[in-house]
2 protein chains.
Amino acid sequence: MSDLDIAEVAQRAGVTAATLRFYEEKGLIRSIGRRGLRRVFGDSVLERLAFISLGRAAGFSLAEIGRMFSPGGTLDIDRSLLAERADELDRTIRRLGALRDGLRHAAACPAPSHMECPTFRRIVRAAESKSLERHIASPRNKI
Amino acid sequence: MSDLDIAEVAQRAGVTAATLRFYEEKGLIRSIGRRGLRRVFGDSVLERLAFISLGRAAGFSLAEIGRMFSPGGTLDIDRSLLAERADELDRTIRRLGALRDGLRHAAACPAPSHMECPTFRRIVRAAESKSLERHIASPRNKI
DNA sequence: ATGCAAACTCAAGTCGACTTGAGGTCAAGC
DNA sequence: GCTTGACCTCAAGTCGACTTGAGTTTGCAT
């Protein structure tokens with residue numbers, strides 16, 4: 001198991017040293033020791049950081065990701081949570097797909113102003129109706 | 001053209017009155033006048049708000065959306081910007097699709113710990129893209 | 001042995017998009 | 001005419017995820 005200093009971890013994981021300290025403080029990663037006052041990391045931290053990055057991309061907050069590690073430090077994600085997040089992602093994907101089509105249409109549309117294009121207005125209106133739905137749903141939950 | 005008071009606009013657009021004042025201050029919407037000191041809105045503000053919501057969902061910031069309106073107030077989006085954003089969205093969609101599949105696999109995977117599953121590890125390693133950030137499924141950004 | 005880039009700690013700042021609070025005004029119903 | 005509640009303004013607070021700054025310490029190359 002090779003020892004890594006913070007700069008090397010930072011460089012290989014694509015984050016700054018400050019971010020690593022921040023993550024450690026939050027309990028997301030751990031250093032295996034110190035050399036003087038300097039942190040020493042094991043290379044498994046890289047996999048862990050990759051996982052954190054993936055989790056963030058999937059829409060989990062750092063707090064949620066933190067909860068995915070059991071006290072021992074091994075990964076232990078609730079499978080139903082994963083399935084739930086996959087479904088959520090799926091809905092997001094579909095919405096973004098419609099949006100992309102709308103943008104593409106608007107980009108090619110010959111109407112002098114976008115609001116004069118019936119297709120564009122339809123897309124805008126469709127977004128509007130969905131926003132009503134969301135307002136009924138739970139208000140507070142961020143990434 | 002019916003006159004709307006702030007409460008009605010808020011209710012119909014699914015935002016709070018405070019948000020409407022905030023948007024007005026930022027130049028994203030305008031009231032057509034005042035009745036006493038109270039704002040009066042024309043109903044076209046609803047379409048504009050729907051557009052703003054759509055834009056947010058597509059990953060635009062309020063500042064970017066603001067720039068899409070010409071000084072006169074009409075919508076005037078740079079078409080190449082739209083096409084560019086559509087392409088960006090497309091890349092995001094593909095990446096999120098892979099992520100969703102990964103999550104789905106992990107949810108069904110029989111390995112005792114996810115890190116012991118080769119498929120999961122492959123997904124984790126594959127996650128390196130940075131441009132994903134913009135369209136992450138932040139419920140705040142959702143339509 | 002010495003110089004210094006790189007670490008360290010802890011506090012505070014930043015950014016976006018709002019929300020909340022304090023204190024004041026006013027149109028409408030009783 | 002009076003109360004009340006919806007509005008108003010302006011300032012400050014919040015939230016997440018970092019970043020930045022200030023002041024201090026030290027491992028390592030020369």
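So that the names make sense, note that chain A is the first sequence line, chain B the second, and so on, each numbered from 1.
Judged purely by atom type and a 3.5 angstrom limit, R121(B) uses its side chain to pair as donor or acceptor with the backbone of M115(B). Side-chain atoms of R79(A) never come within 3.5 Å of backbone atoms of P110(B) as a donor-acceptor pair (strictly under, hydrogens ignored). For S61(A) (side chain) and E64(A) (main-chain N/O), a donor-acceptor pair under 3.5 Å exists by modelled atom type.
Between the P atom of dA6(D) and the CD1 atom of I6(B) lies a distance of 13 Å, rounded to the nearest Å. One can place NZ of K26(A) at 13 Å from P of dT19(D), the figure rounded to the nearest angstrom. dA17(D) atom P lies 18 Å from atom CD of E24(A), rounded to whole Å. Straight-line distance from the CG atom of L62(B) to the C1' atom of dC15(C): 12 Å, rounded to whole Å. Rounded to a whole Å, the CZ atom of R21(B) is 11 Å from the P atom of dT19(C). In this entry the distance linking CZ of R67(B) with P of dG16(C) reads 10 Å, nearest Å. In this structure, the CG atom of L4(A) is 18 Å from the P atom of dA6(C), given to the nearest Å. What separates CD of E25(A) from C1' of dC8(C) is a distance of 13 Å, to the nearest Å.
For R34(B), the CZ atom sits in a packed shell: over 12 heavy atoms of surrounding residues, nucleotides or ligands are nearer than 6.0 Å.
Figure legend: R48(A) and F69(A) shown as a cation-pi pair, the cationic atom lying under 6.0 angstrom from the six-membered ring centre and within 45 degrees of its axis.
In this model, the phosphate group of dT19(C) is approached by a side-chain N or O of T19(B) to a distance below 4.0 Å at OP1 or OP2. Close to dA17(C), at under 4.0 Å from its OP1 or OP2, lies no side-chain N or O of Y23(B). Distances shorter than 4.0 Å separate some side-chain N or O of R56(B) from OP1 or OP2 on dC18(C). Here R39(B) does not reach the OP1 or OP2 of dC7(D): none of its side-chain N or O atoms lies under 4.0 Å away.
Closest to the side chain of F22(B), out of dA17(C), dC18(D), dA7(C), is dA17(C). Distance from the side chain of A18(B) is smallest for dT20(C) among the nucleotides dA17(C), dT20(C), dC18(D). The side chain of T16(A) lies closest to dT19(D), out of dT9(C), dT9(D), dT19(D). Among the nucleotides dT9(C), dC8(D), dA17(C), the one closest to the side chain of S61(B) is dA17(C).
Screening V15(B), L28(B), V45(B) for a side-chain contact (heavy atoms from CB on, under 4.5 Å) with L20(B), the sole residue that qualifies is V15(B).
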What one-letter contact string describes nucleotides 22-30 of chain D from 5' to 3', where B marks a base within less than 4.0 Å of any protein heavy atom, S marks contact via sugar-phosphate atoms alone, and - marks no contact?
---SBS---

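Salt-bridge formation is not detected for the pair D87(B)/R91(B): no Lys NZ or Arg NE/NH1/NH2 atom is positioned less than 4.0 Å from an Asp or Glu carboxylate oxygen.
Residue-level contact check: A17(B) touches neither bases nor backbone, having no heavy atom under 4.0 Å from any strand.
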